Amino acid sequence: MSGLDDLGKTHENKFAHDSDLEFKANARRNKLLGQWAAELMGLSGDAVAAYAKEVITADLEEKGDDDVFRKIRRDFDSKNVEMSDHRIRREMDELLVKAREQIKSE
């Protein structure tokens, strides 16, 4: 029976590890997304880092990416940044791929 217990623990550990990596990748994506959006809104210096933190925090509002998307959309609208919803979502997807690659290479 210990073989099954060991297999179960192995799967649990892998799931926990994968979940941790995905959490880190999402946080990294949100930071990169915040930096991208900040530059488009004309922010610079410390304001870019502060805005990136706001985007990371926005992701804690609800499960999924809609909270992050809404923040970027709302902020772009308030700063009159012309950007389609599709382009924002595409950037989110591309930056998640980039973030995963960065996390795996660390």
Side-chain angles (χ1 to χ4, degrees):
M1 209 47 183
S2 77
L4 287 176
D5 290 339
D6 290 344
L7 183 60
K9 288 213 183 276
T10 299
H11 285 295
E12 284 179 27
N13 290 340
K14 181 175 178 0
F15 178 79
H17 177 71
D18 290 349
S19 294
D20 184 51
L21 287 178
E22 193 62 15
F23 176 81
K24 289 178 182 178
N26 274 298
R28 176 79 54 93
R29 185 273 318 262
N30 293 335
K31 178 181 177 181
L32 295 170
L33 183 68
Q35 292 168 342
W36 171 78
E39 289 177 19
L40 290 172
M41 290 186 291
L43 302 177
S44 62
D46 291 340
V48 172
Y51 184 77
K53 286 180 185 178
E54 288 179 26
V55 174
I56 293 168
T57 302
D59 195 24
L60 303 175
E61 291 176 16
E62 64 187 44
K63 188 173 177 153
D65 293 332
D66 287 341
D67 44 4
V68 173
F69 170 80
R70 281 192 307 271
K71 172 161 185 48
I72 299 294
R73 173 81 278 155
R74 188 174 47 246
D75 293 345
F76 278 179
D77 290 345
S78 72
K79 297 287 188 176
N80 297 316
V81 175
E82 291 291 325
M83 186 71 58
S84 70
D85 291 355
H86 174 77
R87 178 67 179 104
I88 295 169
R89 294 225 184 248
R90 192 174 84 208
E91 190 69 23
M92 291 172 72
D93 292 343
E94 290 172 2
L95 289 175
L96 183 56
V97 170
K98 181 177 182 178
R100 284 179 181 140
E101 290 170 357
Q102 288 177 356
I103 296 293
K104 286 179 183 177
S105 70
E106 292 177 351

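No hydrogens, no waters, no symmetry mates; every other heavy atom, side chains included, goes into these values. What you are looking at is a predicted structure, and each value in this text was computed from that prediction instead of being measured.
Within the model, atoms CD1 of Ile56 and NZ of Lys31 stand 7.0 Å from one another, a figure rounded to the nearest 0.5 Å.
Both Val68 and Met41 are members of a single hydrophobic cluster when ILVMFWY side chains are connected at heavy-atom separations under 4.5 Å. A chain of hydrophobic side-chain contacts below 4.5 Å, direct or via other Ile, Leu, Val, Met, Phe, Trp or Tyr residues, connects Val48 to Leu33.
Scanning all heavy atoms of the two residues, the minimum distance from Leu60 to Asp67 falls at N-OD2, 4.0 Å. The two residues Phe69 and Ile88 have their closest heavy-atom pair at CD1-CG2, 3.6 Å. Contact record, Ala25 with Ala99: O-CB, 3.3 Å, taken as the closest heavy-atom pair. Of all the heavy atoms in Ile72 and Ala37, the pair that sits closest is CD1-CB, 3.8 Å.
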Tabulate below the donor-acceptor pairs under 3.5 Å that side-chain atoms of residues 76-84 make, not counting sequence neighbours, or state none.
| from | atom 1 | to | atom 2 | distance (Å) |
| --- | --- | --- | --- | --- |
| Asp77 | OD1 | Arg73 | NE | 3.3 |
| Asp77 | OD1 | Arg73 | NH2 | 3.1 |
| Ser78 | OG | Asp75 | O | 2.9 |
| Ser84 | OG | Arg87 | N | 3.0 |

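Residues Met92 and Asn30 form no side-chain contact, since every pair of their non-hydrogen atoms from C-beta on lies 4.5 Å or further apart. Two residues are said to be in side-chain contact when any heavy atoms from C-beta on lie closer than 4.5 Å; Asn26 and Asp65 meet this criterion. Side chains of Lys24 and Arg29 form no contact here, defined as non-hydrogen atoms less than 4.5 Å apart.
Electrostatic pairing of Glu61 and Lys71 does not count as a salt bridge here, judged by no charged N lying under 4.0 Å from a carboxylate O. Ion pairing between Asp66 and Arg89 holds under the 4.0 Å rule for side-chain N and carboxylate O. Lys98 has no carboxylate O lying under 4.0 Å from a charged side-chain N of Glu94, or vice versa, which leaves the two without a salt bridge. Ion pair Arg28/Glu101 not flagged as a salt bridge, since none of the NZ, NE, NH1 or NH2 atoms sits closer than 4.0 Å to an Asp/Glu carboxylate oxygen.
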task = Check the pair Leu32, Gln102 against side chain to side chain contact (heavy atoms under 4.5 Å, CB included), reporting the backbone distance first and the verdict last.
result = CA-CA 11 Å; Leu32 295 170; Gln102 288 177 356; 4.1 Å; yes
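Annotation: ring pair (Phe, Tyr, Trp, His ring centres under 6.0 Å) contacts involving residues 87-106, sequence neighbours excluded, are absent.
Residues satisfying the ring pair (Phe, Tyr, Trp, His ring centres under 6.0 Å) criterion with Tyr51, sequence neighbours excluded, are absent altogether.
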